[in-house]
Amino acid sequence: MKVPLLDLNAQYAPVMDDIRSEMEKVFASHAYKLGPQVKEFEEEMQKFCEVKHAVGCASGTDALVLALLALSIGDGDEVITTPFTFFATAGTIHRVGARPVFVDVKSDTFNIDPDKIEVAITPKTKAIIAVHLFGQPAEMDKIMAIAKKHNLKVIEDNAQGIGAKFDGKTAGTIGDIGTLSFFPSKNLGAMGDGGMCLTNDAELADRLFQLREHGENPQYYHKWVGLNSRLDTIQAAVLLVKLRYLPAWSEARRKNAAYYFQNMQNIPQIKLPVVHKKAESIFNQFTLVAEKRDELLKYLRSNDIGCAIYYPLPLHQQECFSYLNYKKSDFPISEQLAESVISIPVFSEITKEQQDYVIEEIRNFYK
Ligand SMILES: *Cc1c(COP(=O)(O)O)cnc(C)c1O
C-alpha cells in the first residue's frame, strides 16, 4: 500500500471543475492585479476567521515582513520567537533589520513556553511572534498577558493554523496581526504562493494595504517604503473555491488525528502529540516524538509511507544566524525535538486502511 504525506490528487479531484470556471472568469476579465476575486476572498476570509480586516499578499513570508513593517519594527529592535519553527519566522525578523531572540518550546505541544518569555525581554524588545506550530495555537492567553505587561506587540505566525482556535478565539486574530500562508501544502493551499495578514485594527489594516503596494497612497506618492506583494487574482480564484471546503477538510484531519490517538496509545517507543486543553488544532501535521527516529523514517519510507522531519535543525544553530552567538544546548528542548520528531500522514482524504497500514508499520518497526 502507498500512503503519501499529502495527496493533492485526492484533494483537487472534487474542486477542479469549480476552480476551472472561477479561473475562466479571471481570464475573461484579464484583471490579474488585485481583481475582484482578491477582494471577495478577503471578505470571505474575514467571515471565516471572524476578524475585521484581511489583507492578501504574495506569501506567508511576505505576510510576516508586512506585519513587522506595519508595526514599525526594524533596526535595533528585538523580536522574541522560538527556534523550533519554519525558517521564515526568524528570517523575516532579520530581513527587516531587527534581531531574533529565541525562547525554547514546550516538549509536549512544541509551542513557545510562556514561562520562559519574560527573562528574554530587554529594553529593545518590541514584539513577540507566537507560532502556531503544526496547526495548534500557542498559549495566547499567557502570551497576551506578558505582552500587555511589557507593552509589546504580538504577531501570530499562523501559517500552519488556519481556522484553529484558542479559548474559542480564531488563531491569528488574537494578537495585533496574524499571518497566513497559502503555500500548496498548507491546509488552505493555492496553486503557487500566497499569504495574508489578519487584524482587527483599522489603522494597521490601512497600513498593510499600502505596504503591499510599495507603501503607496495615493498612486505614485509614498509615505512608507513597502514591497510589491499582492495576492494574485488567479490564486484568489483558487482559494475562493477551496475555502468552501476548508471546514470539512479540517474536520476530516481532526478525525484522522483522533484515530491515531485511539490506536497508537500503547507503543512505548513513541510519544503522541499533546493538544493543550484550551486549544483546538487543525493538524497541519501529526507529529510524533519517536525513538530511533532516523531509522523509523527510513523504514517507513521504504514501505511507501510518506513522512517528514519538521524541523531537523533549530534556527539558533543555522549558519546564517551564527552572528546571534547562540550555542548548542541553549535551547535543549528544541534541539531534542529536532532529533526525535517525525510527521506522519494525516491529510483529509487518507483512508482508514491507509491509517491502519501506517500504524501497523510503526508497530512492525519496533517489534
Ligand atoms: C509556511 C510557513 C511560513 C511561510 O509561508 P510561505 O507562504 O511559504 O512564505 C512561515 N511560517 C511558518 C510557520 C510556515 O509554516
Side-chain angles (χ1 to χ4, degrees), residues 5-6 8 41 45 54-69 79-96 100 102-103 105 109-112 127-138 140 143 154-164 166 171-172 175 177-198 212 227-232 234-236 238-239 242 253 273 279 281-287 308-316 318 320-321 334 337-338 341 343 346-347:
L5 187 58
L6 179 66
L8 287 181
F41 177 61
M45 283 298 292
V55 183
C57 64
S59 72
T61 302
D62 277 5
L64 285 164
V65 172
L66 290 167
L68 289 159
L69 293 177
V79 179
I80 290 173
T81 193
T82 91
F84 191 61
T85 173
F86 178 61
F87 178 76
T89 314
T92 52
I93 297 170
H94 170 104
R95 187 44 63 219
V96 300
F102 296 121
V103 166
V105 294
T109 63
F110 314 138
N111 278 328
I112 195 165
I128 301 168
I129 301 185
V131 183
H132 304 324
L133 203 70
F134 304 147
Q136 166 170 213
M140 290 307 293
I143 293 166
V154 175
I155 295 170
E156 296 175 75
D157 182 346
N158 196 30
Q160 301 181 9
I162 186 169
F166 189 85
I177 299 175
T179 64
L180 296 171
S181 163
F182 306 119
F183 181 78
S185 71
K186 301 289 157 80
N187 282 27
L188 181 62
M191 289 174 155
D193 285 302
M196 182 168 272
C197 290
L198 308 173
R212 78 174 174 185
L227 43 157
N228 173 8
S229 183
R230 291 173 287 256
L231 178 63
D232 281 337
I234 282 281
Q235 299 301 347
V238 173
L239 293 164
K242 291 180 79 179
R253 279 174 183 265
S281 176
I282 47 130
F283 291 100
N284 178 244
Q285 300 297 339
F286 193 89
T287 304
I309 292 166
Y310 305 117
Y311 296 91
L313 187 66
L315 300 186
H316 67 288
Q318 299 288 347
C320 65
F321 288 139
S334 296
L337 289 173
V341 288
S343 297
V346 71
F347 61 93

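Worth saying up front: this structure is predicted, and the values here are computed from it rather than measured. Note that ligands are numbered from 1 as they come in the structure, with each ligand's atoms numbered from 1 the same way. Below, each value reflects all heavy atoms present in this structure, side chains not excepted, and no hydrogens, waters or symmetry copies.
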With a 4.5 Å heavy-atom cut-off, do [X] and [Y] have their side chains touching?
X: Y310; Y: F110; value: no
X: R253; Y: I282; value: no
X: I112; Y: I80; value: yes

Protein heavy-atom partner closest to [atom] - residue, atom, separation in Å:
atom: atom 13 (C) of ligand 1; result: D157 OD2, 3.5 Å
atom: atom 9 (O) of ligand 1; result: T61 OG1, 2.5 Å
atom: atom 3 (C) of ligand 1; result: F86 CD2, 3.6 Å

Look at the side chain of Q318 and the backbone N and O of L313, then say whether any donor-acceptor pair between them is shorter than 3.5 Å.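 Checking the backbone N and O of L313 against the side chain of Q318, a donor-acceptor pair under 3.5 Å is found.
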Compare H132, K186, Q160 and give the one whose heavy atom is closest to atom 2 (C) of ligand 1.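 Result: the heavy atom closest to atom 2 (C) of ligand 1 is in K186.
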Under 4.0 Å to a heavy atom of T85 - the qualifying atoms of ligand 1, by number: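 By the 4.0 Å cutoff, the relevant atoms are 13 (C).
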Considering only residues two or more places apart or on different chains, which pairs with a residue in residues 54-63 satisfy side chain to side chain donor-acceptor pair (under 3.5 Å)?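 Passing the test, one end in residues 54-63: D62-S229.
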Any nitrogen or oxygen of G60, main chain or side chain, under 3.5 Å from a nitrogen or oxygen of ligand 1?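 N/O-N/O distance below 3.5 Å exists for this pair.
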